[in-house]
Protein chains: 2
Amino acid sequence: MSIEDSEGPAPPSTNIAETIFRDLRGLILRGELTSGERLPGERELAAKYGTNRNTLREAVRKLEQQRLVTVRHGQGVTVTDFRKTGTVELLPPFLESSPDFAEVAHIIEDMLPARLQVIEFATRRAIRRADKTDIERLTDITELLITAFQRGDPALIGRGFQRWLDALIDAAHSVAIRWVANPYLEAYRHLIDRFPTLWVLEPTFPKHLEDLLEAFANNDEERAIEVTRQYYELVDGKLMQALASAVSQAGKEKSVDEPPASSKRLSVTREG
Amino acid sequence: MSIEDSEGPAPPSTNIAETIFRDLRGLILRGELTSGERLPGERELAAKYGTNRNTLREAVRKLEQQRLVTVRHGQGVTVTDFRKTGTVELLPPFLESSPDFAEVAHIIEDMLPARLQVIEFATRRAIRRADKTDIERLTDITELLITAFQRGDPALIGRGFQRWLDALIDAAHSVAIRWVANPYLEAYRHLIDRFPTLWVLEPTFPKHLEDLLEAFANNDEERAIEVTRQYYELVDGKLMQALASAVSQAGKEKSVDEPPASSKRLSVTREG
DNA sequence: GTTGACAACTGGTTGAACCAATATTAAATT
DNA sequence: AATTTAATATTGGTTCAACCAGTTGTCAAC
């Protein structure tokens, strides 16, 4: 097993409905369509996107399922307040879409401790429930990660670390933990695809992994938590510092060219 | 504001696509369609459900979006391993569908501490960030809840408690926490609709709420966490006991009439 | 002013035809 | 006989046009 052989970022998905879905989602997340606003009728929207009603409907259904809009027979489609109704799954597209970097930073800041709690919880269960196969898998990935770390390829480490987390969660042998963790893992997956340089790599990374493996070997739950918390608080702290400085930097540029994002416009017409 | 005026359980949704979606989802969650299996083609399935391809496709899309199936152009639709790819949103339909009560109990057991962590996290932030309006709202709901508690209507308390949690999360003033908490809140909403009697009500419930409000008034984060943890560990403990006894009871009945859930069957034909 | 039929929206459903990706089969080639 | 290649069947993807079904607003009748 090599660390390199994971599929890269998903293909750009030549899907028409998916494309329209992403476009509309972007409009909503960017604030160009605000909560309570009504979308044009399906017939009109289909015409604007140069497609037919069925395909257009497929896109709207996706919006509906992610709670970005509400569809009511006879009444049309209205935009939802996604800040209130969304889930962690919205994080990646929101990070890509939102023009308000300060808000993005805030959300990440609050998300990091939540993620840490999930990891801690998974670690506890994994320490208790991991079998020989799980530990072997974690050991293998750890070795690969350390090798990759010495070579110094952040993107490679990112993918490898994904696998490590995946193995950790498998080791917890808990459907519940898997379901709780999945949205975080997916968000992480998108994030390292888009901003591979943003993720902090500490010199203590290999040691952290080794300490953790040792805790597994000794069935030492508290030690594992201690090591985990230590490392993540370090890394997350640095990440938050980076975010803060990026925010203040963005703040300077902001006054220059930011259009006031007038809410009424629906610039979805295909440029012919 | 009255505690009663929330909309009851959602209307049975006369939607054809939604109905088919739920039926197929049930087959998957019940294990009658297992991971890796292929669904019949869209044309065939549409015929079986007595509908047309477009409507049928809508149902399949919903399955796809919830990661219950994978759709590939030219290859058909295959069932996914939802235990691996699912999220917390699957909890309510899984609880309703799964014939394996022991597994359900396991999942709930692991989900409860995760939920507690989310509540604790939200509480910490709420203590720090709640403004006057938030506290007033929490106070109002607390009063209503205590009144309802004295009257002794579990369903009513369930709905009121939903509101209480909602207010708590609003008070945290964090989009991230809202997004993390939403799947739990929704699961909770479904659960008290279906099993209103299962939820444990402790005599200490009113005191717990009052203590919490006091912690809010004093900005005492640690006290709030202490109170919260105390109450939930009590309640969750009792719930887990109830689950355990229900499991052993179900275990006795199990050997009698359980069909081995042969995986090949797709009993989706409309009985004419 | 109130009521009630009607018209004009809206999304929901239908069926048939065709396009595009894949899998299978049969034929041609080696 | 094994391999390659071409034809074909099967799958999902897209399009079209019509109609059904809830909702809202209008306007005439009362």
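From a predicted model like this one, the values you see are computed outputs, not experimental measurements. Lettering of chains follows the sequences in order, A, B, ..., and the numbering in each one begins at 1.
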Of all the nucleotides listed ([options]), which has the minimum atom distance to the side chain of [X]?
X	options	result
B/I16	C/dT14, D/dC19, D/dG13	C/dT14
B/N15	C/dG11, C/dT13, D/dT14	C/dT13
A/N54	D/dG12, D/dC16, C/dG11	D/dC16
A/Q75	D/dC19, D/dG12, D/dT24	D/dT24
A/V71	C/dG11, D/dG12, D/dT11	C/dG11
B/H73	C/dT14, D/dA21, C/dA21	C/dA21

Check: Does a side-chain heavy-atom distance below 4.5 Å link B/L185 with B/I169?
Finding: yes
Note to self: Given the structure, check if the side chain of A/R61 and the base of C/dG11 hold any donor-acceptor pair shorter than 3.5 Å.
What the structure shows: no
Item checked: Any B/T51 side-chain N or O less than 4.0 Å from OP1/OP2 of C/dT13 ->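 No, because none of the side-chain N or O atoms of B/T51 sits under 4.0 Å from OP1 or OP2 of C/dT13.
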Notebook entry, point to check: Is the phosphate of C/dG12, meaning OP1 or OP2, less than 4.0 Å from a side-chain N or O of B/T55?
Noted result: no
Note to self: For B/E103, is there an ion pair with B/R83 - N to carboxylate O distance below 4.0 angstrom?
What the structure shows: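 Result for this pair is yes, salt bridge flagged.
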Note to self: Can you work out whether A/G74 or B/G41 has the more 5'-proximal nearest nucleotide on DNA chain D?
What the structure shows: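 Checking each residue's closest nucleotide, the 5'-ward one belongs to B/G41.
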Check: Of B/R159, B/R137, B/R189, which meets salt bridge (Lys or Arg N to Asp or Glu O under 4.0 Å) against B/D166?
Finding: B/R137
Next item on the list: Please figure out whether B/E58 or B/R53 has its closest DNA chain C nucleotide nearer the 5' end.
Entry: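 In this pair, the answer is B/E58.
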Next item on the list: May I have the distance from A/R38 (atom CZ) to C/dT10 (atom C1'), rounded to whole angstrom?
Entry: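 Rounded to the whole Å, the gap is 7 Å.
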Check: Ignoring hydrogens and geometry, is there a side-chain-to-backbone donor-acceptor pair from A/Q66 to A/L63 under 3.5 Å?
Finding: no
